[in-house]
Amino acid sequence: MRTSRVDPGSERARAAGSAPLTETQVQRRGPVGRLFAAHPRIADVCLVGSVLLLGIVTALLVALTIQGATGLGMYLPDAPTAWLVPAGTFAGALLGAALLIARRARPLTVTVALTILAVVSLVTVGVLGVLGVCLACALHNVALTHSARTTWLTCAGVFVTVGLALLWWQDIGLAEILLWSDPIAMPAGDPIRQLTEPPYSPGRRSASIFLLLALLLLGVATGSSARARRAHAQGLVERYEAMARDRDNSAALARASERARIAREMHDVVAHSVSVMVALSDGAGAALDRAPDSSREALRELSSTGRAALSDMQRVLGALDPDSTGADGSADRPAPVETDLATAVERFRVAGLPVSATGLDSPLPEDTSLRLAVVRIVTESLTNVLRHAPGASSVRVSVRRSGSAVEVEVLDSGGTRPGTGGGTGRGIVGIRERVALLEGRADVGPLPDGGWRVHVVLPWNQADEVTR
């Protein structure tokens with residue numbers, strides 16, 4: 001038994017072509033990025049853990065700074081500031097980390113809440129702590145999910161609000177940590193000065209404001225960049241899907257066109273030939289006793305028509321075989337079997353139609369599709385007369401050729417007996433399709449005084465044929 005060999009490479013290519021393209025494939029993230037994209041909760045846990053760790057470190061630095069500031073006399077030695085401010089710093093980090101968990105669902109709300117929390121922290125303990133980092137993370141999500149106008153307005157609001165709070169209420173900031181984190185005291189252990197709180201310094205607080213501005217801009221920049229990458233990936237995926245839809249639609253149209261072509265060929269081959277064969281067999285049976293010579297002639301024509309129909313059927317069915325490809329890779333098409341118009345008309349005359357024809361000996365163009373179309377249109381028209389207008393007193397076929405067109409006209413006087421069947425409805429449709437493929441014109445319909453008319457004009461450029 002013959003088995004077909006499947007190329008694994010082509011199978012993989014076909015599978016890759018049918019698989020949908022995703023944004024993750026387009027963005028080409030690294031292993032960590034793919035993990036966070038697939039499991040956002042893991043990213044949230046990492047972020048919360050990082051904020052808490054940074055909060056602990058900041059609280060320790062704040063404690064050392066207060067110790068140094070106490071040695072300078074900026075805090076009273078027994079004041080609760082030594083434990084209250086570090087505790088407030090860690091509490092701010094804890095609440096900020098908790099709020100960041102909800103930043104994906106409600107980034108604006110989280111940003112507003114963090115802003116309020118930052119102001120409260122500055123008012124109560126005089127420290128911003130890691131809330132500036134939390135605000136940057138929240139603005140990252142605002143830029144990722146909202147328009148640029150909303151993002152910049154939110155960033156400006158946060159900066160103005162928290163910046164003013166820093167100017168008014170901050171006691172321990174970046175500059176204070178850098179300056180006072182080492183304990184400073186007189187040789188006897190007494191503080192240098194006796195102050196209830198550190199003195200106001202615009203220079204030291206401006207350092208915290210610039211740090212806050214840098215953090216907020218960093219959050220907006222990273223969020224906007226991620227939003228742009230996501231939009232680019234979505235655009236690529238949408239274009240890929242549109243191309244896939246166009247490819248599928250084109251394939252569907254090609255399949256529908258091929259089915260219509262095969263159906264038309266099958267109709268032309270089977271309906272025409274069988275109709276003629278039925279008429280020939282009826283005529284042979286009727287004339288068997290009174291005109292045996294005519295009966296034998298009808299039987300010979302019946303046999304010839306059957307062989308021609310069988311040959312046409314084999315050619316049409318050969319086109320359905322996927323292995324029937326030519327050397328150039330193109331599929332074999334059912335070649336025209338008969339383009340002899342006179343022979344086709346004579347067959348109907350033998351079958352009993354009173355056909356009178358003019359112009360059958362006119363040389364048709366060498367264009368095979370046009371020659372086959374003329375033969376198919378004439379045979380379809382005569383088949384309709386044979387099937388739907390039995391007893392017609394006259395059938396006239398006219399073929400005229402000019403320098404720019406081939407004109408075909410088939411007229412019948414109308415039947416005197418009931419037709420033999422309703423048909424499949426593809427006859428007239430097939431005529432119009434063939435004419436449309438050749439960019440011609442078809443007028444098909446009944447005559448006012450009875451009968452039926454088929455008139456077709458097929459354009460033809462004589463200059464092109466001379467050139468060929």
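These values consider heavy atoms only, across backbone and side chains, with no hydrogens, waters or symmetry-generated copies. Since the structure is predicted, the reported quantities are computational estimates derived from the model, not experimental observations.
- Ionic pairing of D412 and R453 is not present here: no N-O contact between side-chain nitrogen and carboxylate oxygen is shorter than 4.0 angstrom.
- Looking at L114, L215, L47 one by one, the single match for side-chain contact (heavy atoms from CB on, under 4.5 Å) with C134 turns out to be L114.
- Considering only residues two or more places apart in sequence or on other chains, T124 meets the side chain to side chain contact (heavy atoms under 4.5 Å, CB included) condition with V120.
- Rounding to the nearest 0.5 Å places CG of D171 at 12.0 Å from OG1 of T65.
- With sequence neighbours left out, T150 forms a side chain to side chain contact (heavy atoms under 4.5 Å, CB included) with L108, H146, S147, T154.
- Here salt bridge (charged side-chain N to carboxylate O under 4.0 Å, His left out) pairs that include residues 143-170, with residues two or more places apart or in two chains, number zero.
- Of the charged side-chain nitrogens involved, none lies within less than 4.0 Å of a carboxylate oxygen, so that D248 and R245 do not count as a salt-bridged pair.
- Side-chain atoms of R387 and T383 include no donor-acceptor pair closer than 3.5 Å.
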Under 3.5 Å, which donor-acceptor pairs do the side chains of residues 55-62 form with other protein atoms, sequence neighbours left out?
residue, atom, partner, partner atom, Å
T58, OG1, L54, O, 2.7

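- Looking at residues two or more places apart in sequence or on another chain, you find a side-chain hydrogen bond (donor to acceptor under 3.5 Å, both in side chains) between S208 and Q170.
- Applying the side chain to side chain contact (heavy atoms under 4.5 Å, CB included) rule to S381 yields the partners I377, V410, I431, V454; only residues at least two apart in sequence or on another chain are considered.
- Atom CZ of R106 has 12 or fewer heavy atoms from other residues, nucleotides or ligands within 6.0 Å.
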